Amino acid sequence: MNDVATALGRLEELAIEVPSWAYGNSGTRFKVFGTPGTPRTVQEKIADAAKVHELTGLAPTVALHIPWDKVDDYAALKGYAAGLGVGLGTINSNTFQDDEYKFGSLTSSSDAVRRRAIDHHFECIDIMHQTGSRDLKVWLADGTNYPGQDDMRGRQDRLAESLQEIYARLGEDQRLVLEYKFFEPAFYHTDVPDWGTSYAQTLALGEKAFVCLDTGHHAPGTNIEFIVMQLLRLGKLGSFDFNSRFYADDDLIVGAADPFQLFRIMHEVIRGGGFGSVPGKESGVALMLDQCHNLEEKIPGQIRSVLNVQEMTARALLIDTAALAEAQRTGDVLAANAVFNDAFYTDVRPVLAEWRESRGLPADPLAAFKASGYQKQINEDRVGGQQAGWGA
Ligand code: PSV
Ligand code: MN
């Protein structure tokens with residue numbers, strides 16, 4: 001195995017972006033439960049996110065969703081976040097909640113609807129200029145429910161045209177990441193269902209366009225790390241939306257359902273040069289969470305999530321790549337597999353606790369959160385108003 005100290009040295013490069021919507025209420029189509037202390041404003045969501053960063057040192061930026069996180073003054077919001085020690089990250093567009101988008105947004109056959117959807121992305125880009133965000137993340141709910149409902153080819157062509165207009169608006173240092181999802185809310189066909197479609201569309205756009213891989217957006221049994229490898233190989237992996245799934249797009253805590261899968265993904269990220277940014281060497285791949293905490297407490301849920309990513313990254317950094325390459329070269333199947341498993345089965349929690357303490361962070365961030373009294377405080381303070389949540 002690799003030397004623990006050397007492996008952990010690279011952990012400094014780990015940064016995970018947290019989603020503003022993880023702090024709001026969420027649920028299923030059956031019920032959204034309200035919880036005490038839930039943020040009513042984007043400022044309160046950012047304050048919660050800042051707490052996660054303060055206790056873990058892992059989550060320096062917060063992704064915003066527009067219009068959920070709309071404010072009048074984004075420069076002021078950026079200043080507010082900076083005052084709490086975090087930055088504003090990816091701007092997520094939203095063309096899935098307006099009545100006008102019932103039959104599609106960027107793919108719509110109606111010029112007026114497409115114009116509205118493109119203009120919404122222009123607004124997001126304007127916001128990015130004010131927040132200093134690098135990435136515009138586009139996920140489309142576009143698709144159909146029945147064979148013959150619409151012309152799939154025509155929709156794909158219109159999507160290409162719409163994306164082209166949006167892409168042309170990007171500033172020099174801005175990027176567009178196109179997320180795919182195999183189904184939901186559409187059930188027969190989805191306009192951006194897989195990495196191949198996202199790759200084809202972003203390749204046509206140019207070098208500032210990339211694919212976003214949401215780990216919950218694949219059919220069961222899909223080898224996600226293969227897709228990670230391929231996109232890195234092609235230079236088109238822009239970002240991750242991390243979460244766990246058991247059945248569909250469950251949006252559960254990353255690493256909860258299958259830590260081994262997260263380990264294998266992180267191995268390919270490291271192998272493919274997608275890990276870490278140090279000054280002068282930006283990998284470009286953004287590690288984001290896209291999760292909802294329906295039952296568990298939200299802030300501890302986010303702390304658990306970033307710690308899971310850190311743990312599996314540390315284990316992946318432990319893989320003895322020289323021994324692995326040698327076993328692969330000599331066709332020693334079991335030895336190669338053992339190199340992988342040795343790293344995966346290493347309990348890194350004690351060394352990570354030390355790693356945190358050596359940086360002035362709590363050894364146990366979850367216990368520190370419990371002891372901090374923060375939850376009690378926000379439960380008392382955040383009374384009245386409208387709790388943030390889906391559609392809020
Ligand atoms: C769609 O399921 C998605 O993964 C997209 O990233 C959306 O922006 C997000 O969920 C909303 O939670
Ligand atoms: Mn997502």
Side-chain angles (χ1 to χ4, degrees), residues 16-30 32 59 63 65 68 89-90 92-97 135 137-143 177-187 189-199 210-231 237-269 274 285-296 298 301-302 304-309 311-313 389-390:
I16 304 155
E17 187 159 303
V18 292
S20 68
W21 53 101
Y23 303 92
N25 288 327
S26 59
T28 66
R29 63 202 169 88
F30 299 100
V32 173
H65 223 296
W68 298 341
T90 301
N92 291 254
S93 65
N94 183 328
T95 57
F96 50 88
Q97 290 187 310
D135 293 347
K137 196 177 91 195
V138 181
W139 171 72
L140 303 172
D142 297 32
V177 292
L178 181 61
E179 181 174 353
Y180 60 92
K181 177 170 177 174
F182 75 130
F183 87 105
E184 199 200 22
F187 295 113
H189 110 277
T190 296
D191 290 301
V192 188
D194 51 27
W195 74 267
T197 304
S198 180
Y199 176 72
F210 296 86
V211 177
C212 171
L213 186 159
D214 184 309
T215 48
H217 291 184
H218 306 85
T222 301
N223 183 336
I224 296 176
E225 59 270 26
F226 179 86
I227 301 171
V228 172
M229 173 283 293
Q230 186 70 288
L231 288 173
L237 182 62
S239 55
F240 282 96
D241 269 6
F242 276 137
N243 49 55
S244 279
R245 75 187 289 273
F246 287 103
Y247 298 101
D249 187 21
D250 304 346
D251 281 339
L252 298 172
I253 289 174
V254 57
D258 188 350
F260 189 39
Q261 181 188 63
L262 179 57
F263 165 84
R264 300 191 309 264
I265 290 173
M266 288 315 300
H267 167 65
E268 288 303 333
V269 171
V285 179
L287 307 179
M288 297 185 287
L289 305 181
D290 178 10
Q291 298 182 179
C292 295
H293 303 292
N294 301 348
L295 304 177
E296 67 277 20
K298 300 166 201 319
Q302 288 284 287
R304 180 71 273 156
S305 305
V306 297
L307 294 179
N308 284 355
V309 176
E311 272 181 40
M312 291 308 135
T313 303
W390 268 85

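All values reported here derive from a predicted model rather than from experimental measurement.
Here Glu179 contributes atom CD and Leu140 contributes atom CG; the two are 9.5 Å apart, rounded to the nearest 0.5 Å. The structure places OG of Ser198 at 11.0 Å from CD1 of Ile227, a figure rounded to the nearest 0.5 Å. With rounding to the nearest 0.5 angstrom, the CG atom of Asp214 is 6.5 Å from the CG atom of Asp251. With rounding to the nearest 0.5 Å, the separation of CD1 in Ile265 from OG1 in Thr313 is 10.5 Å. To the nearest 0.5 Å, atom CD of residue Gln302 and atom CD1 of residue Ile16 are 10.0 Å apart. Interatomic distance, Phe246 CZ to Asp258 CG, rounded to the nearest 0.5 Å: 8.5 Å.
Taking each heavy atom of Pro193 and Thr190 in turn, the nearest pair found is CD-O, 3.3 Å. The shortest non-hydrogen separation linking Ser244 to Gly255 is OG-N, 3.2 Å. Closest heavy-atom contact between Ser26 and His293: OG-N, 3.6 Å. Nearest heavy-atom pair across Gln291 and Ser305 is NE2-OG, 2.8 Å.
Using the six-membered ring where Trp is involved, His217 and Trp139 have ring planes that are tilted, between 30° and 60° apart. Ring geometry for Phe242 against Phe240 counts as parallel: the plane angle stays under 30°, on a 0 to 90° scale with 60° as the upper cut.
Under the salt bridge (charged side-chain N to carboxylate O under 4.0 Å, His left out) criterion, Glu268 pairs with no residue, sequence neighbours left out. Checked against side-chain hydrogen bond (donor to acceptor under 3.5 Å, both in side chains), Thr197 has the following partners two or more places apart in sequence or in another chain: Asp194. The salt bridge (charged side-chain N to carboxylate O under 4.0 Å, His left out) search around Arg245 returns none, not counting sequence neighbours.
Results of the side chain to side chain contact (heavy atoms under 4.5 Å, CB included) test with Leu289 over Asp241, Asn243, Val306 single out Val306 as the only residue that passes.
Gln230 has its side chain within reach of Trp195: a pair of non-hydrogen atoms, C-beta onward, lies under 4.5 Å apart. Looking at heavy atoms from C-beta onward, Lys137 lies in side-chain contact with Met288 at the 4.5 angstrom threshold.
Ring centroids of His218 and Tyr180 are separated by less than 6.0 Å, placing the two rings close together.
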Determine whether Val269 and Val228 satisfy the following criterion, side-chain contact (heavy atoms from CB on, under 4.5 Å), listing intermediate values before the conclusion. CA-CA 7 Å; Val269 171; Val228 172; 3.9 Å; yes
Step by step, would you call Asp135 with Phe210 a side-chain contact (heavy atoms from CB on, under 4.5 Å)? CA-CA 10 Å; Asp135 293 347; Phe210 296 86; over 6 Å; no
